[in-house]
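Whatever order the structure lists ligands and atoms in, that order sets their numbers, starting from 1.
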Amino acid sequence: MKKFAIAIHGGAESIKHSELDQKTEKLYRQGLADALKDGYDVLEKGGSALDAVEAAVNSMERNPVFNAGRGASLTQRGENEFDAAIMDGNTLRVGAVGGVRYVQHPITLAKVILQKCDHCLLVGTGAEEYALANNLPLKGPEYFVTPEKDEAWREKQHKRLEVKKTMPGSMSDTVGAVALDINGNLAAATSTGGLTDQLKGRVGDTPIIGGGTFAANKVCAVSCTGEGEAIMRGVLAHEVYAMMKYAGNSLHAATDKAIELHADKLKGDRGILSMDAAGKAAFGFNTGFMKRGYWAADEEPFVALWESEKGKKAVKQKEMEK
Ligand code: ASP
C-alpha cells in the first residue's frame, strides 16, 4: 500500500485540566476524530493532499467547538473575521484570505484563490466578492455567532466599560491540517477566527505564507497556532522548512527548535504541526495543551489534547520509523 497520512490540530492553549469540563473535552476529541476521518477518506480514495487538508479543515470550520468558521472568536466589535491559507507543496501555489466575513468555509475560498486567482492573498470585501463571484456559500452572523461566543463577548464588553480601557487581545485557537498523498505531494491548510477580542481589521499569522502556513514537497508541510504576532515575526512555519532543508534537521528537531526560536523576544503560546515527506508528523507546543490528531495509511488514528498524552504520539512515530 502506498504511503499517505494526515495530521490535524485544533489549536494550542495554555489551560489547566480544571479549566476544561468533561463535556467540552469530549466534544474536542469527537471533533478531531471527525475531521481526521474526512481528511483520511480523501487520501484513501487516492485524492490529493490539497483536497484532504481542505476536507479536514472544512469539518472543523463546521464544528462550533473550534475557532474557525462557525463558533469562531469575535473581535472587539462582536463580529467574526476569518483568516485562512492553503498551500500546495507540489506547485508552491498558495491561496489566502484575511479579515473575511460571511464566507461559510474560508479555507475553501483560499483554495479557489489558489486554483484560479493570479494573486495569493485577498482581504475584506474583495475576498468576499471573490467568494460571491465563485458561488461559494455565504452566511449571516446568526450562523457564525454561537450563544457561548456571544456571551463571552458581552462579558468582555461589560469589563471594558468598567475599566474604561481597551482589553488586550487574548488567546483563542485555530485549526489546521497537513497531509501527504499517494503521489508524494504535501499540503498545508490553516483557518481561524483570530484572537478573542482582537481589533477589527487585525490579521494574524494564519494567512501569512511562511508565518502560520507553509508547504514544499520533499521537505515538509506546516500549520501553526498560537500568538499570531509572535509567529509571524518569527516566520515560524518557514523556519521549520529552512531548518530541515538547509541545516539538515529532522522534522522533530526542526519543530522543537521553532517552538523555542527567539522565545526571549517573541513571547506567547505556540503550537506547530508539521509533516515530512515520509508522512511522519510532529506536534510542537509550549502550552501543555494542543488539540491534535494523526492518521497514516493502514494504522489506527489517534487524537490527543494534553501534553501528558504525548507518549502515544512518540510510540506511533517510533513504529513508523521502523
Ligand atoms: N494564530 C491565530 C492568530 O493569531 C490564533 C490562534 O492560533 O489561536 O490569529
Check: Would you say ligand 1 has an N or O under 3.5 Å from any N or O of Gly204?
Finding: no

Margin query: Considering both backbone and side-chain atoms of Asp205, is one of its nitrogen or oxygen atoms within less than 3.5 Å of a nitrogen or oxygen in ligand 1?
Written below: yes

Check: Got an N/O contact under 3.5 Å between Glu229 and ligand 1?
Finding: no

Notebook entry, point to check: For Arg202, is the nearest heavy atom under 4.0 Å from an atom of ligand 1?
Noted result: yes

Check: Under 6.0 Å between the ring centres of Tyr294 and Phe283?
Finding: no

Note to self: So, applying side-chain hydrogen bond (donor to acceptor under 3.5 Å, both in side chains) with Thr174, which one of Asn67, Thr192, Asp205, Thr190 is it?
What the structure shows: Thr192

Next item on the list: Taking all non-hydrogen atoms of both residues into account, name the closest pair between Arg292 and Glu309 and its distance.
Entry: NH2-C, 3.9 Å

Note to self: Tell me whether Gly11 reaches ligand 1 (any heavy atom closer than 4.0 angstrom to a ligand atom).
What the structure shows: no

Next item on the list: Pull out every atom of ligand 1 sitting under 4.0 Å from any heavy atom of Gly228, numbered as shown with elements.
Entry: 4 (O)

Notebook entry, point to check: With distance as the sole criterion, is a donor-acceptor pair present between the side chains of Ser14 and Asp269 under 3.5 Å?
Noted result: yes

Notebook entry, point to check: Which ligand 1 atoms, with their elements, are less than 4.0 angstrom from a heavy-atom of Gly226?
Noted result: 1 (N), 2 (C), 3 (C), 4 (O), 5 (C), 6 (C), 7 (O), 8 (O)

Margin query: Would Thr225 count as being in polar contact with ligand 1, using the rule that some N or O on each side must be under 3.5 angstrom apart?
Written below: yes

Item checked: Test side-chain contact (heavy atoms from CB on, under 4.5 Å) applied to Asp181 and Asp51, step by step -> CA-CA 10 Å; Asp181 64 31; Asp51 289 344; over 6 Å; no

Checklist line | Option of least heavy-atom distance to atom 5 (C) of ligand 1 (set: Thr174, Val175, Ile231, Ile208) | finding: Thr174

Notebook entry, point to check: For Ser48 and Asn185, does a side-chain donor sit closer than 3.5 Å to a side-chain acceptor?
Noted result: no

Check: So, for Ser274 and Leu251, which heavy atoms are closest and what is the spacing to 0.1 Å?
Finding: OG-CD1, 3.6 Å

